[in-house]
Amino acid sequence: NNIQDNPQVIITQPKLTLVTDKLYNDDGILWDLTVVYTYGENNYVIKTEASNALSDSQTVREYFYNDNNQVTHITSTHNNSSSTTTYLYNDQGLIIERQILESSEPAFLYTYNEYDQLIQINDDTYFNYDDTVSDNYTTKTYTLPVNEIISYTYDNQINPYALVFPSALSKITNECTTNNLLTEEPFSKLIGYEYNLDGYPTKSVFTYVDDSPYSLNTAQEREYFYD
């Protein structure tokens with residue numbers, strides 16, 4: 001298991017404390033999000049607060065851990081509605097089931113290879129890797145509702161999202177790959193970064209090119225802040 005999950009290890013890397021996220025085009029800003037991260041004594045996130053300046057909406061998520069630094073459940077509150085998500089682990093400390101208690105949908109089931117890399121979600125999503133040590137999946141294949149393959153490339157710098165949760169949760173969470181996403185095809189997404197001296201991104205800009213389903217004049221800009 002990742003050394004980060006050892007309850008006896010004190011994590012000393014910088015903590016991601018705030019992210020601003022703006023999407024805009026020629027008509028102006030389409031969304032303006034701010035996400036605040038709060039950490040517990042185990043140095044993992046225990047609360048995220050996401051607010052949209054354009055709609056006054058807010059989503060608050062609280063994370064609950066057991067003595068092994070495993071997330072047992074997450075409560076999410078959006079405006080006046082709330083939900084609880086629970087997690088089931090195997091003997092290797094990997095998440096094999098995620099269930100939203102208020103949902104009538106079946107649980108999400110997760111399968112891993114011998115290197116503890118996520119390779120399958122339910123019977124419709126599959127992942128491939130170019131190495132055996134990172135969580136940088138290079139392709140994601142959806143078989144439902146239609147067959148679709150998405151390809152990814154990464155930089156070689158630290159992904160701050162991969163440090164806010166224990167590795168078991170990071171493996172099944174979007175954007176928590178080991179390194180930072182550079183391209184996503186066939187969506188023609190290009191991402192450029194600015195980094196600090198420690199190799200953490202301080203700013204990223206998403207742009208869309210060629211046959212992207214999004215407007216060529218649409219861009220997404222994030223800024224990352226650390227303690």
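Computed from heavy atoms alone, side chains included, the values below leave out hydrogens, waters and symmetry copies.
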If you measure from [atom1] on [X] to [atom2] on [Y], what distance do you get to the nearest 0.5 Å?
X      : Y      : atom1 : atom2 : result
Leu163 : Tyr37  : CG    : OH    : 11.5 Å
Glu221 : Asp32  : CD    : CG    : 10.5 Å
Thr177 : Lys171 : OG1   : NZ    : 11.5 Å
Gln120 : Thr111 : CD    : OG1   : 4.5 Å
Asn156 : Thr178 : CG    : OG1   : 12.0 Å
Thr141 : Ile149 : OG1   : CD1   : 4.5 Å

For this session: Kindly give the cluster partners of Val146, where membership spreads through any ILVMFWY side chain lying under 4.5 Å from a current member.
Result: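 Traced through the cluster, Val146 reaches no other member.
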
Exercise. Residues sharing Leu23's hydrophobic cluster, by side-chain heavy-atom contacts under 4.5 Å among ILVMFWY, directly or via others?
Worked result: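 Leu23 shares its hydrophobic cluster with Leu30, Trp31, Leu33.
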
Problem set entry | Counterpart residues, ring pair (Phe, Tyr, Trp, His ring centres under 6.0 Å), relative to Tyr142 (two or more places apart) |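 Expected list: none.
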
Problem set entry | Counterpart residues, salt bridge (charged side-chain N to carboxylate O under 4.0 Å, His left out), relative to Arg98 (two or more places apart) |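 Counting only residues at least two positions away or on another chain, Arg98 forms no salt bridge (charged side-chain N to carboxylate O under 4.0 Å, His left out).
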
Exercise. Can you list the residues that meet the salt bridge (charged side-chain N to carboxylate O under 4.0 Å, His left out) rule with Lys22, with sequence neighbours excluded?
Worked result: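 Result, salt bridge (charged side-chain N to carboxylate O under 4.0 Å, His left out) vs Lys22: none returned.
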
Problem set entry | Within 6.0 angstrom of Asp123 CG, more than 12 heavy atoms from elsewhere |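 No, CG of Asp123 has 12 or fewer neighbouring heavy atoms, counting only those of other groups under 6.0 Å.
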
For this session: For Phe108, look at atom CZ and say whether over 12 heavy atoms of other residues, nucleotides or ligands are found less than 6.0 Å away.
Result: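 Open.
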
Treating Ile, Leu, Val, Met, Phe, Trp and Tyr as nodes and any side-chain heavy-atom pair under 4.5 angstrom as an edge, say whether [X] and [Y] lie in one connected cluster.
X      : Y      : value
Phe64  : Tyr39  : no
Phe127 : Leu181 : yes
Leu109 : Ile121 : no
Ile100 : Val60  : no
Phe225 : Leu16  : no

For this session: Please lay out, stage by stage, how Asn42 and Tyr65 fare under the test side-chain contact (heavy atoms from CB on, under 4.5 Å).
Result: CA-CA 9 Å; Asn42 63 353; Tyr65 297 81; 3.6 Å; yes

Which pair of heavy atoms, one from [X] and one from [Y], lies closest together, and at what distance?
X      : Y      : answer
Gly93  : Gln70  : CA-NE2, 3.8 Å
Tyr110 : Ile95  : CB-O, 3.4 Å
Tyr161 : Asn159 : N-OD1, 3.0 Å
Ile74  : Arg61  : CG2-CB, 4.2 Å
Cys176 : Ala162 : O-CB, 3.7 Å
Asp135 : Tyr129 : C-CE2, 3.9 Å

For this session: Scan residues 76-89 for pairs that pass side-chain hydrogen bond (donor to acceptor under 3.5 Å, both in side chains), counting only residues two or more places apart or in two chains.
Result: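 Pairs touching residues 76-89 that pass the test: Thr59-His78.
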
Problem set entry | Aromatic ring proximity Tyr226/Tyr200, centre distance under 6.0 Å |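 Ring-ring flag for Tyr226/Tyr200: true, centres closer than 6.0 Å.
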
With the side chain counted from C-beta on, respond yes when [X] and [Y] share a heavy-atom pair under 4.5 Å apart, and no when they do not.
X      : Y      : answer
Glu184 : Ile150 : yes
Pro160 : Pro201 : yes
Asn43  : Lys15  : yes
Thr183 : Tyr152 : no

Does [X] use its side chain to pair, donor to acceptor, with the backbone of [Y] at less than 3.5 Å?
X      : Y      : result
Tyr126 : Thr143 : no
Asn122 : Asp124 : no
Tyr154 : Tyr137 : yes

For this session: In sequence, state the C-alpha distance, the side-chain angles, and the governing distance for Thr34 and Leu18, and then conclude on side-chain contact (heavy atoms from CB on, under 4.5 Å).
Result: CA-CA 7 Å; Thr34 299; Leu18 186 146; 4.1 Å; yes

Do [X] and [Y] have side-chain N/O donor and acceptor atoms under 3.5 Å apart?
X      : Y      : result
Asp155 : Asn180 : yes
Asn136 : Asn179 : yes
Ser204 : Tyr224 : yes
Thr139 : Asn128 : yes

Problem set entry | Ion pair check, Arg222 and Glu175, cut-off under 4.0 Å |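 Result for this pair is yes, salt bridge flagged.
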
For this session: List the steps, then state whether side-chain hydrogen bond (donor to acceptor under 3.5 Å, both in side chains) holds for Gln92 with Asp116.
Result: CA-CA 9 Å; Gln92 288 72 46; Asp116 292 346; over 6 Å; no

Problem set entry | Check against ring-ring contact (aromatic ring centres under 6.0 Å, His included), Phe165 and Tyr63 | CA-CA 9 Å; Phe165 304 120; Tyr63 300 77; 5.0 Å; yes

For this session: Begin from the C-alpha positions of Tyr193 and Lys203 and carry the test side-chain contact (heavy atoms from CB on, under 4.5 Å) through to its verdict.
Result: CA-CA 6 Å; Tyr193 295 90; Lys203 184 178 181 179; over 6 Å; no

Exercise. Can you check side-chain contact (heavy atoms from CB on, under 4.5 Å) on Gln220 and Thr207, steps first, answer last?
Worked result: CA-CA 7 Å; Gln220 183 177 352; Thr207 56; over 6 Å; no

